[in-house]
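Here the structure is laid out as structure tokens; the discussion comes afterwards.
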Amino acid sequence: MSKTLICSCEDVTAEDIRHAVSRGYSDVESVKRFTGFGTGICQGKGCLSAVAALLCKEKAQKPASLLPFTPRPPLYPTEMSLLASMKVDESQPPVGGVPEELAVFPPTLRPEGPVRAKAKVVIIGGGIMGLALAYNLSLRGETDVVVLERGYLCAGASGRNGGGVRMQWGTSANIELAKRSIELMGRFARDMGINVWLRQGGYLFMAKTKAVAERLERNVALHNKHGVPTRLLTVDEAREIVPGLSMTGAQAASYNPEDGVIFPWPFLWGYANGCRKAGIQVETFTHVTGFETSDGLVRKVKTDRGDIACDTVVLASGAWSPELAKLVGVQLPNEPHRHEILSTEPLKPFLSPLVSVLDSGLYFSQSMRGEIVGGMGDPKEPAGLNMGSTLRFVSRFSQALLEQMPQLGHVKVLRQWAGCYDVTPDNNPVLGRTPGLENLLQMSGFVGHGFMMAPAVAERMAGWMTTGESDELFTRFNLRRFQEGKLEREDMIIG
């Protein structure tokens, strides 16, 4: 059967675009992330206009709303060795980034008509947390739920992370959550009918200092108590797992073969499709503008498409949660911090685990398409909702990567982007009830690991919400702990 090819890099056809439209994904960004068009070597140079024309022809969007997606194709794809040669002033904080504004969405993309007037549960945030919770509520018979997302699905951190999933954590609570999440991810394709490309090639952590090496050793013992088969490696043993890894400056390494990577986008789409199939409304391009409260309860959620009266509100907006909480007079301890990431041209498969240098926050893995995907935190990054991309990051990342894998110097960078970590003082989430507003539930502050914790956290939160039974998770990580000083710091944070 003949087919009209739209994106030759990713083999996306006109029928694939029409299929996306039929599922309700009609703006350019959503269709890009649903089909993968424009993510290959040409970065949309050859297919973006064709997709826009097709969306217009299918009457999915009016011409005025057909805006190009935000990543910009490189005019001259550059080798990492050249990028690594650029000098970086590590004493100065990073500034700016391109594009400067990503959080502003054209009003033409807003759905027509008001939101529904009442719902039992309103979830603010259409990322992995909000959608996973909504889906798990539906499994327990609760479908009177509305999910509000300010942009397109995958616009926030859920669509901008590296897809790493690991059981190697520093506290029992996070180890158990991660174990359950990865178990659920393993059957996600079967349960939800969408392939999330889970590949359990392991995580290999490197330690360059004695203090970090001792942390790895301490955590390995903890992992083993929870049945996680992490083991300490010598430098030579690490090189056997990743041939070509220089291990420059490394004192020790840890490795769990059951950790892995997953493709974030279909993971989000799977939950979104499951919600819609259950009758849950997922309202994209809808901004929350305020709340109406009385007698210690939130009575209504106000949006730019009307108000929704509700019994329960869940704040699951990641790095935007503190801003939204302020609208109802609640001060959260979370702070947003930009975290940058990039991907390269595809290579033949050679890298099985995700590798991370815990001291510097460098991490990299190879995607199922062969790209090197990686990121690195910047200790000078100031707090703030900034999702611009910088040359400084590409240079710092290239320097750190080539120190460990010098043979990648000839590989060209194709694209880069940024998202925001939602950072709390103890690197653990904010969950449970809000003091003074008992029906406002918190579900934020996951410090860059919310994506991998979402299946397990959402499962437990849905059970807690629908049964009323106590769950120590929502006591351990509640908002009161910051005033009471009952903090349990997580030290296995990358970035």
Side-chain angles (χ1 to χ4, degrees), residues 128-129 132-133 135-137 139-140 158 161 163-188 191 196 198 200 202-205 215-232 254-262 267 271 314 316 353-354 356 358 422 424-433 441-467 469-481 486-494:
I128 195 73
M129 280 292 167
L133 176 61
Y135 175 72
N136 275 275
L137 286 171
L139 294 181
R140 288 158 179 78
S158 299
N161 65 83
V165 294
R166 59 180 162 103
M167 305 174 199
Q168 293 190 67
W169 291 97
T171 60
S172 295
N174 283 329
I175 293 168
E176 286 298 325
L177 285 173
K179 278 179 61 180
R180 178 60 178 163
S181 277
I182 292 175
E183 180 185 343
L184 293 170
M185 289 172 186
R187 65 191 206 207
F188 194 86
D191 292 347
V196 291
L198 173 64
Q200 289 179 274
Y203 253 61
L204 192 152
F205 276 111
R215 190 195 311 171
L216 288 185
E217 184 175 5
R218 185 171 63 247
N219 287 340
V220 166
L222 182 62
H223 300 164
N224 294 164
K225 282 183 182 177
H226 288 270
V228 176
T230 308
R231 65 180 193 269
L232 280 176
S254 69
Y255 175 68
N256 172 28
E258 295 183 0
D259 295 334
V261 292
I262 197 170
F267 198 43
Y271 278 128
V314 181
L354 185 149
S356 176
L358 201 53
D422 183 18
T424 59
D426 62 356
N427 290 333
N428 274 311
V430 182
L431 295 170
R433 299 190 184 282
L441 307 183
Q442 303 291 337
M443 196 184 193
S444 67
F446 285 90
V447 200
H449 53 273
F451 181 82
M452 67 181 82
M453 298 294 189
V457 172
E459 183 182 59
R460 286 178 64 170
M461 190 153 177
W464 176 68
M465 289 172 64
T466 53
T467 65
E469 296 175 358
S470 63
D471 185 326
E472 65 86 24
L473 187 68
F474 304 99
T475 305
R476 177 189 296 268
F477 293 138
N478 67 16
L479 192 52
R480 293 182 189 276
R481 76 181 191 274
K486 296 178 180 176
L487 305 184
E488 181 181 0
R489 188 171 177 79
E490 173 57 66
D491 61 6
M492 286 290 285
I493 298 296
I494 302 176

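Start at 1 with the first residue, then count along the sequence. In this text, all values refer to a predicted model and were calculated from it rather than measured experimentally. When reading the values below, keep in mind they use all heavy atoms of this one structure, side chains included, and skip hydrogens, waters and symmetry mates.
Looking at heavy atoms from C-beta onward, Leu354 lies out of side-chain contact with Leu204 at the 4.5 angstrom threshold. The closest side-chain heavy-atom distance from Leu473 to Leu431 is below 4.5 Å. Here the side chains of Pro229 and Asn224 are not in contact, with every heavy-atom distance at 4.5 Å or above. Put simply, the side chain of Gln442 does not reach to within 4.5 Å of the side chain of Arg433, judged on heavy atoms. Using a 4.5 Å cut-off on side-chain heavy atoms (C-beta onward), Phe474 and Met461 make contact. At least one side-chain heavy atom of Ile182 sits under 4.5 Å from a side-chain heavy atom of Gln200. Looking only at side-chain heavy atoms (C-beta outward), Arg481 and Asp426 come within less than 4.5 Å of each other. Within the 4.5 Å cutoff, side-chain heavy atoms of Met465 are placed close to those of Val314.
Taken to the nearest 0.5 Å, the CZ atom of Phe446 stands 13.5 Å off from the CZ atom of Phe451. The line from CD1 of Ile493 to CG of Leu358 is 9.5 Å long, rounded to the nearest 0.5 Å. Atoms OG and OH, on Ser254 and Tyr203 in that order, are 11.5 Å from each other to the nearest 0.5 Å. Here OG1 of Thr230 is found 10.0 Å from CG of Leu216. Values are rounded to the nearest 0.5 Å. To the nearest 0.5 Å, atom OG of residue Ser158 and atom CD1 of residue Ile128 are 5.5 Å apart. With rounding to the nearest 0.5 Å, the separation of CE in Met185 from CZ in Arg180 is 11.5 Å.
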Check the pair Asp471 / Arg460 against salt bridge (charged side-chain N to carboxylate O under 4.0 Å, His left out), numbers first and verdict last. CA-CA 8 Å; Asp471 185 326; Arg460 286 178 64 170; 2.6 Å; yes
Would Asp422 and Val447 satisfy side chain to side chain contact (heavy atoms under 4.5 Å, CB included), going step by step from the backbone distance to the final call? CA-CA 5 Å; Asp422 183 18; Val447 200; over 6 Å; no
Evaluate the side chain to side chain contact (heavy atoms under 4.5 Å, CB included) criterion for residues Trp464 and Leu441: first the C-alpha distance (whole Å), next the side-chain angles of each, then the deciding distance (0.1 Å), finally the verdict. CA-CA 11 Å; Trp464 176 68; Leu441 307 183; 4.1 Å; yes
side-chain hydrogen bond (donor to acceptor under 3.5 Å, both in side chains), that's the test. Do His223 and Gln168 meet it? Break it down for me. CA-CA 7 Å; His223 300 164; Gln168 293 190 67; 4.6 Å; no
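Listed by chain and number, the residues in a side-chain hydrogen bond (donor to acceptor under 3.5 Å, both in side chains) with Glu488 are Arg476 (sequence neighbours excluded). Applying the side-chain contact (heavy atoms from CB on, under 4.5 Å) criterion to Ala178, with sequence neighbours excluded, gives Trp169, Met453.
Classification of Arg218 and Asp491 as a salt-bridged pair holds, one side-chain N sitting under 4.0 Å from a carboxylate O.
A centroid separation of 6.0 Å or more is found between the aromatic rings of Tyr255 and Phe205. Centroid-to-centroid, the aromatic rings of Tyr271 and Phe188 come within less than 6.0 Å.
Heavy atoms only, all atoms of each residue included: Leu133 and Ala462 are closest at CD1-N, 3.7 Å. The two residues Asn136 and Glu459 come nearest to each other via the heavy atoms OD1-CA, 3.6 Å. Heavy atoms only, all atoms of each residue included: Pro455 and Ser181 are closest at CD-OG, 3.4 Å. Closest approach of Asp259 to Arg166, counting heavy atoms only: OD1-CA, 3.1 Å. Among all heavy-atom pairs drawn from Leu222 and Ser172, the shortest one is CD1-OG, 3.7 Å. When every heavy atom of Val196 is checked against every heavy atom of Ile262, the shortest pair comes out as O-CG1, 3.1 Å.
Of the N and O atoms on the side chains of Glu490 and Asn428, not one donor lies less than 3.5 Å from an acceptor on the other residue.
Other residues, nucleotides and ligands contribute only 12 or fewer heavy atoms inside 6.0 Å of the CD atom of Glu217. The 12-atom threshold is not exceeded at CZ of Arg480, counting heavy atoms of other residues, nucleotides or ligands nearer than 6.0 Å.
Using modelled atom types, no side-chain atom of Lys179 and backbone atom of Gly227 make a donor-acceptor pair closer than 3.5 Å.
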